[in-house]
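Okay, so here's the structure we're looking at.
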Amino acid sequence: MSKITMREAISQALMEEMDRDAAVFIMGEEVGVWGGTYAVTKGFYDKYGPARIKDTPIAENAIIGAAIGAAMVGQRPVAELMTINFAFSAMDYIVNQAAKLRYMFGGQFTLPLVIRAVGGGGRQLGATHSQTPDAIFAHFPGRRVVSPGTPEDAKGLLKTAIRSDDPILFIEHATMYQVRGEVPEGEYVIPIGKSKIQRAGRDLTIITYCKGLELSFKAAEELSKEGIEAEIVDLRTLRPLDMEPVLSSFMKTNRAIVVEEGWKSFGIGSEVASRIYEQAFDFVDAPILRVAQKEVPLPYNRTLEQAALPQVADITAAAREVLK
Amino acid sequence: MKKEVLLDLYYQMVLIRRVEERGAELYQQGRIGGFMHLYIGQEAVSTGLIAAREPRDRVITAYRDHGVATNCGISAKEVMAELLGKVTGTSKGKGGSMHMADTSKNMWGGHAIVGGHLPIASGFALGDQYAGNDNVTLCMFGDGATNIGYFHEALNLAKTWNLRVLWICENNQYGMGTAVERASAVTEIRQKAEGYGMKNGQVDGMDVMKVYSAAREAIDFVRKTSQPYLLEADTYRFRGHSMGDPERYRKAEEVKQWQENDPIGIFNKYLLDKKATTRKGLDEIEARVEIEVNQAVEFAEASPEPALEELFKDIYAE
Ligand SMILES: Cc1ncc(C[n+]2csc(CCOP(=O)(O)OP(=O)(O)O)c2C)c(N)n1
Ligand SMILES: [Mg+2]
């Protein structure tokens, strides 16, 4: 095992897959000469050259649309959206085309496309640049949605995503590139569509993913000081949602909270909670609580922005509440 | 142009520069957050352009908006307060650097989605056309923004519907780290207007007098003919794309070469050559600006943060 950052993990996954398969190439804004807005593809341009590391015009529709076309004729593009907020500028391609073309044409072709996008708030970027709209994308069938919370998962899941014959949206978090974690030495992959217990506990289940995982780990440590042991289930993939570890944990703890950075209404927490109610109603000892972003666009002012985002204290408070 | 007007233009350009230099310091001290894009080097474009408008003409721009804000008559105090996220800022501290606006001064905002504000500009002109007035909308954007569909849809609509929009492309040679020729099929951006049968022109964006007269002519044309016009201003940003840009994509000599064409320097020389003022007169303007910037920082620092309830205000009108 070696300890690396999230940035290094993603970068390694991309490089290993590019070395393994010549059909893999990267396209997006500032991925080449600049080295990636978040420095994930630093050094790639020099190593692979402009044919495989493509700096695009600022044209999100063309980026995703052209990546879809290239994927349909046999290449394996990794298209980067500088931030997930710009996915809204390419919504037709992400929702109407990538997710539906294969189905509509009766499975005549595959669409091996990875869209990497950075999301998340907390950097004072204002309302249009700080969103965590993951749930919207998870809503549509036809495209998988992956959002890792540790370097190990990021690397293994991204490698699987690149090898997959289907379109996948891979969501990273802008404040997590420096997060460090152990990754296995050498080649490994992690299957998409598998949730994972990231921390064992007996008293309640915290279901979360991505940034929520970082916050939940901190919350669990604090709760532990009070003698409360939280079990943390990391969804890792939002579509398809793997409820198995969630349900088995819940059947043990009988109490759960769902933590996500996005807005609460119509969110990941709503989906997870209703599936628990549907599938494990007899095990429910307390209402399942959702910890999420306040229902406002994110403001620039730091204090206000932090007040709108879910915090560790919100998680510990919710945990105490379900244990009452 | 009258002497006072000329000197006011100079004052406006120096104000933009000093506000931003101070802003950069505050950013480095961690007192300004988020993204901050400096206009330094491009001051002549906005200053010449906005001097040519009537107050009823609307202005809309991208995130590189501090200078556009002060040119439209927003005070340095309000700009600085917004940068510091204070409730006295142009947008109550909710918008930050990229979202300065004062609609009472017909400054309709900095906008952070590249190209996103262009169809909205067509909409301003549509609203004005519908109301039966002949206001002109001045829509500013970068070279990079002309590669996104929004640009093309907005121009086509404006021409087809005879909307009064003056499109001003600030061609500063790069969109982030991508040089124009690496992202655009044509490097002369104004050619893109040809495809829509739209009148267009090009101007040296480092020379405020040239920008002013080109803008004057273009605005007159738009108002009289009810036709859009695209004006390309060649310019250069002296600083990085935003704070913290490592600038690996351009050479220091290139930046230096453009800096020799400093718009403030060019205008300074023009004013002295034309005997519009003396060296002392220019120094007095510098001194006035310095006081104004100091007062702006003091005002911003003394201003309160927005109250927590502000988080939930302004989401809906009702
Ligand atoms: C739709 C969209 N895509 C990408 C971005 C990220 N981005 C912000 S500014 C910028 C470069 C824009 O260049 P240009 O239009 O030339 O304006 P300049 O910054 O040079 O003034 C990019 C890619 C964005 N804000 N919006
Ligand atoms: Mg530019």
Side-chain angles (χ1 to χ4, degrees), chain A residues 28-39 42-43 45-46 50 54-65 82-83 85-93 121-131 174 263 293-309, chain B residues 30-36 63 82-87 89 91-99 110-116 142-152 175-180 182-185 241 245-250 305-315:
Chain A
E29 293 159 19
E30 308 299 337
V31 296
V33 173
W34 188 292
T37 321
Y38 292 89
K42 201 170 159 192
Y45 191 80
D46 290 338
K54 295 184 172 302
D55 277 324
T56 64
I58 306 166
E60 281 74 13
N61 274 314
I63 294 169
I64 305 303
M82 188 178 280
T83 85
N85 303 281
F86 312 146
F88 298 124
S89 295
M91 211 55 175
D92 189 65
Y93 288 96
R123 299 174 69 227
Q124 287 191 266
L125 301 183
T128 63
H129 276 53
S130 306
Q131 298 169 96
W263 292 291
Q293 190 173 139
K294 303 263 189 322
E295 307 274 326
V296 299
L298 280 185
Y300 162 70
N301 176 279
R302 183 165 176 77
T303 314
L304 293 191
E305 185 187 31
Q306 288 302 320
L309 287 168
Chain B
R31 282 149 78 201
I32 295 172
F35 288 151
M36 183 162 83
Y63 42 82
E82 189 62 34
L83 289 174
L84 293 191
K86 298 301 181 74
V87 73
S91 308
K92 299 187 195 164
K94 293 182 184 179
S97 164
M98 304 195 287
H99 303 104
H111 295 261
I113 297 297
V114 168
D143 45 279
T146 68
N147 301 321
I148 196 163
Y150 302 132
F151 167 85
H152 298 273
M176 285 190 73
T178 306
V180 173
R182 295 184 62 228
S184 178
H241 167 71
D245 170 359
E247 294 188 61
R248 275 188 226 106
Y249 50 84
R250 62 182 188 183
E305 299 254 333
L308 214 51
E309 303 91 77
E310 274 300 335
L311 193 54
F312 302 97
K313 284 189 191 159
D314 305 321
I315 299 174

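Each chain gets a letter, A, B and so on, in the order its sequence line appears, and its residues count up from 1.
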Crowded around A:Lys294 NZ? As in, over 12 foreign heavy atoms under 6.0 Å?
-> yes
Pick from B:Ser91, B:Ser184, B:Gly95: which one has the most heavy-atom pairs with chain A under 4.5 Å?
-> B:Gly95
Supply the atom-to-atom distance A:Leu304 CG to B:Leu311 CG, rounded to the nearest 0.5 angstrom.
-> 5.5 Å
If every non-hydrogen atom of A:Ala307 is compared with every non-hydrogen atom of B:Leu308, which pair is closest and at what distance?
-> CB-CD1, 3.7 Å
Closest approach of A:Pro57 and B:Ala183, non-hydrogen atoms and distance?
-> CG-O, 3.3 Å
Result of checking B:Lys86, B:Lys94, B:Glu305, B:Glu82 against A:Asn301 for side-chain hydrogen bond (donor to acceptor under 3.5 Å, both in side chains) | B:Glu305
Residues, nucleotides or ligands: over 12 heavy atoms within 6.0 Å of B:Arg250 CZ | yes
Could you state the interatomic distance from CG (B:Asp245) to OG1 (A:Thr37), rounded to the nearest 0.5 Å?
-> 10.5 Å
Flag for B:Tyr150-A:Ser89: side-chain donor and acceptor within less than 3.5 Å = yes
List the steps, then state whether side chain to side chain contact (heavy atoms under 4.5 Å, CB included) holds for B:Thr178 with A:Val33.
-> CA-CA 8 Å; B:Thr178 306; A:Val33 173; over 6 Å; no
Interface moiety of A:Glu29 toward chain B, non-hydrogen atoms closer than 4.5 Å | neither
Under the 3.5 angstrom rule, does the side chain of B:Arg248 hit a backbone N or O of A:Trp34 as a donor-acceptor pair?
-> yes
Pick from A:Glu30, A:Glu60, A:Arg123, A:Gln124 with the largest number of heavy-atom pairs that fall under 4.5 Å of chain B = A:Glu30
Of the listed B:Val114, B:Leu84, B:Asp314, B:Ile148, the one with the largest count of heavy-atom pairs under 4.5 Å with chain A is B:Ile148
Checked B:Gly149, B:Ala145, B:Gly85, B:Gly33 vs chain A; the most non-hydrogen pairs under 4.5 Å come from B:Gly33
Chain A contact via B:Met176 - which portion, at a heavy-atom distance below 4.5 Å | both
Close side-chain approach of A:Tyr300 to B:Ile32, heavy-atom, < 4.5 Å | yes
Distance from B:Glu310 atom CD to A:Thr303 atom OG1, nearest 0.5 Å?
-> 13.0 Å
Between B:Gly89, B:Ala307, B:Gly93, which residue shows the highest count of heavy-atom pairs closer than 4.5 Å to chain A?
-> B:Gly93
Side chain, backbone, both or neither: which part of B:His241 has a non-hydrogen atom closer than 4.5 Å to chain A?
-> side chain
